[in-house]
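Just below is one structure, and these are the notes that go with it.
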Amino acid sequence: GSPKKAETDTAKKENPKKSRNYHESFAASCYDIQKTTNIYFMREFMKIKKYLRRFVPVSRTYVDAKIKDLESTYTNQIEKQSALFNQLTNYQSASFDEIIQQLSSLETHITKQQQNNIQNLLHHITTEHNRIASTINDHLDWELKRRDRWKTMSAENKRSAGGRPIWVIKCPAPEGKDKVLWGDYPYALALKKYLERLNCFVIIDTREDWGCEEGADVVLVLRGTYFYRPDRRNKTALYIMWNISHPDKITIDEYNLYDVVCIASDYYAEIIRNQVKVPVFPLLQCTDTELFFPADKHQEKKWDYIFIGNSRGVARNCVMWAIDENIPLRMWGSGWNTILKDHMDLFESPSVENYELPNIYRSAKVTLNDHWDDMLQKQFINNRIFDALACGLPVISDECDELKKIFPTAILYYHTRQDFKNCIHNIENNYSQISQTVLEQQTLIHEKFSFEARAHQLVEIASKFTNSRKN
């Protein structure tokens, strides 16, 4: 052998402890460097993921799947390096050259793998970036065209109205195919139909068009989830808020922004009337009796108990109690995957459009119902009650004084779980009588809780305050 090798071997034999400590120190340093590199890359990936979340829901992107793959890859690499480090720590007989060879081989493999992974990730990030950029450009182009059209809307509406009063309904639903899944949109459509029969020219503005000034005589805002500030560029328009849900989201200052406020609760309208400077009218929710009406006597029932509604992120009592009591329940709604992960076989569909509801109601024996907490406390009655009863469908619902005053016997009420069980017992033993009581409500619903009735009331309110302004 060469003099250098002989010299190295002699040094090892003379001081094996020093040689071992050197090897261990060298291996630990290599491991720390590689681990630090991995941590660096993992942090960079997290930055990339955070960046992408500003544009798209990352969990739905291919890039996110790639990042998860890389996380797994680097975890495995760290585990391999840890195993090698443990082997080196327990070093007994391996030569210095063998250790160097193993570390060098591992370093080469990891470096190539990192380079390939990073190149692949950058490729997919570039692809995703281009896709996002294209989507943003398309949206901006569409939005700019929409806003250009806003400039001519006032003149176009006056020409199309032909002297009829122009009503603009501000609907919280977003534009696009999903708007039909929002309860507010069919609500606005039904209202539009009956206002037009009263010789009004009616436009529905989805949320994206809320900033458009359309030369309206009356702007009717369906106030639920989203805030709208009356646009006072049109000095002559009458702004009416119809607070149909989520009263806890509305402040006294917001009510005072309007010329007239309508509230879907007699109880809460009286409270707000004493706190605001503007006129307040009770105007409860309602149903379209041309769409929701009783079934033919010979129509068979397809389902026993039904529930239509999303989870709202909570375990809704009537649903959970029904499942615990082994009631034959069928459901429509989304967001239940976690809460009812062991009962997903109960679901007919994660969503249902408004035009499908009447046939579902007419094909069921009874429906369960509940309200948002703030709506129940302030006695807002949801329109599901009116829709179901209009179809002749018995309802089991949580209770409030206002609802019990309107329908003292036509609805089965619960407050506690025992109340709920009593409702089920009543349905099972007195169904014919309960069903007949519901059918007897048809005249009341049509005359007082229909969109036709609401359209007449709104036109009367608008006429009163428009004329008082002129005088």
Side-chain angles (χ1 to χ4, degrees), residues 169 180-198 202 204 222 242 244 264 283-309 330-333 348-349 351-371 380-397 403-413 427 430-459:
I169 300 174
V180 296
L181 300 177
W182 284 61
D184 302 298
Y185 188 69
Y187 202 92
L189 285 175
L191 196 55
K192 179 178 186 291
K193 177 174 71 173
Y194 290 101
L195 284 171
E196 287 178 337
R197 293 181 185 179
L198 297 177
V202 184
I204 297 176
L222 300 180
W242 189 0
I244 58 176
L283 203 67
L284 275 64
Q285 290 201 44
C286 51
T287 186
D288 185 351
T289 52
E290 292 181 352
L291 185 62
F292 295 88
F293 52 84
D296 183 272
K297 291 183 179 180
H298 303 293
Q299 182 171 336
E300 293 184 4
K301 301 298 184 184
K302 184 176 180 181
W303 303 289
D304 289 325
Y305 296 81
I306 64 171
F307 180 84
I308 300 174
R330 303 304 297 171
M331 297 179 64
W332 289 256
E348 293 286 332
S349 174
S351 62
V352 57
E353 292 191 35
N354 194 66
Y355 77 89
E356 300 174 284
L357 287 175
N359 191 52
I360 293 174
Y361 287 152
R362 288 191 283 264
S363 301
K365 182 178 177 180
V366 61
T367 185
L368 307 182
N369 179 72
D370 64 3
H371 294 80
F380 280 63
I381 303 170
N382 61 36
N383 63 316
R384 187 185 296 115
I385 293 277
F386 301 111
D387 290 347
L389 293 178
C391 288
L393 179 65
V395 177
I396 296 175
S397 178
L403 183 56
K404 293 185 77 172
K405 181 180 179 181
I406 299 169
F407 301 113
T409 59
I411 294 175
L412 283 74
Y413 297 100
I427 283 286
N430 303 293
Y431 185 75
S432 296
Q433 181 182 345
I434 293 168
S435 182
Q436 182 58 38
T437 302
V438 172
L439 290 172
E440 292 170 359
Q441 311 304 310
Q442 301 308 302
T443 300
L444 173 66
I445 291 171
H446 179 77
E447 291 180 354
K448 292 191 175 182
F449 302 105
S450 66
F451 277 104
E452 183 178 6
R454 293 293 173 268
H456 279 280
Q457 290 173 286
L458 286 165
V459 168

Spatial distance of atom [atom1] ([X]) from atom [atom2] ([Y]) [nearest 0.5 Å]:
{"X": "Ile306", "Y": "Ile360", "atom1": "CD1", "atom2": "CD1", "result": "6.5 Å"}
{"X": "Gln285", "Y": "Phe380", "atom1": "CD", "atom2": "CZ", "result": "9.0 Å"}
{"X": "Lys404", "Y": "Ile381", "atom1": "NZ", "atom2": "CD1", "result": "12.5 Å"}
{"X": "Gln436", "Y": "Asn430", "atom1": "CD", "atom2": "CG", "result": "13.5 Å"}
{"X": "Ile169", "Y": "Tyr185", "atom1": "CD1", "atom2": "OH", "result": "10.5 Å"}
{"X": "Gln457", "Y": "Leu283", "atom1": "CD", "atom2": "CG", "result": "5.0 Å"}

Just distance, no hydrogens or angles: give the donor-acceptor pairs under 3.5 Å from side chains in residues 384-394, sequence neighbours left out.
| from | atom 1 | to | atom 2 | distance (Å) |
| --- | --- | --- | --- | --- |
| Arg384 | NE | Ile308 | O | 3.2 |
| Arg384 | NH1 | Asn369 | OD1 | 2.9 |
| Arg384 | NH2 | Ile308 | O | 3.0 |
| Asp387 | OD1 | Thr287 | OG1 | 2.5 |

[Y] backbone acceptor or donor facing [X] side chain under 3.5 Å:
{"X": "Glu356", "Y": "Glu353", "answer": "yes"}
{"X": "His371", "Y": "Asn382", "answer": "yes"}
{"X": "Ser450", "Y": "Ala453", "answer": "yes"}

Is there a side chain to side chain contact (heavy atoms under 4.5 Å, CB included) between Phe407 and Val395? Walk through the geometry before answering.
CA-CA 11 Å; Phe407 301 113; Val395 177; over 6 Å; no
Under a 4.5 Å cut-off applied to non-hydrogen side-chain atoms, are [X] and [Y] in contact?
{"X": "Leu439", "Y": "Pro294", "result": "yes"}
{"X": "Cys286", "Y": "Tyr187", "result": "yes"}
{"X": "Asp304", "Y": "Val366", "result": "no"}
{"X": "His446", "Y": "Gln442", "result": "no"}
{"X": "Asn354", "Y": "Leu291", "result": "yes"}
{"X": "Leu412", "Y": "Ile434", "result": "yes"}

Atom of [X], atom of [Y] and distance for their closest heavy-atom approach:
{"X": "Val202", "Y": "Glu196", "result": "CG2-CG, 3.8 Å"}
{"X": "Arg454", "Y": "Phe449", "result": "NH2-CD2, 3.4 Å"}
{"X": "Ile427", "Y": "Ile396", "result": "CG1-CD1, 4.1 Å"}
{"X": "Pro408", "Y": "Tyr413", "result": "O-CE1, 4.1 Å"}

Modelled atom types, side-chain donor and acceptor of Asp288 and Tyr194, under 3.5 Å:
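A pair is found: one side chain offers a donor N or O, the other an acceptor, under 3.5 Å apart.
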Go through the side-chain N and O atoms of Ser363 and Gln299 and say whether any donor and acceptor fall under 3.5 Å apart.
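Present: a donor and an acceptor within the cut-off.
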Under 4.0 Å between a Lys/Arg side-chain N and an Asp/Glu carboxylate O for Arg197 and Glu452?
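No, this pair does not count.
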Walk me through whether Leu403 and Ser397 qualify under side chain to side chain contact (heavy atoms under 4.5 Å, CB included).
CA-CA 10 Å; Leu403 183 56; Ser397 178; 4.1 Å; yes
Pairwise ring pair (Phe, Tyr, Trp, His ring centres under 6.0 Å) hits with a residue in residues 285-305, at least two apart
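Sorted pair list: Trp303-Trp332.
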Are more than 12 heavy atoms, taken from residues, nucleotides or ligands other than Lys301, located less than 6.0 Å from that residue's NZ atom?
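Above 12, so yes.
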Chi angles and distances behind the side chain to side chain contact (heavy atoms under 4.5 Å, CB included) call for Leu191, Leu458:
CA-CA 10 Å; Leu191 196 55; Leu458 286 165; 3.9 Å; yes
Lys365 charged N/C atom sitting above Tyr431 aromatic ring, 6.0 Å / 45°:
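That pair qualifies as a cation-pi contact.
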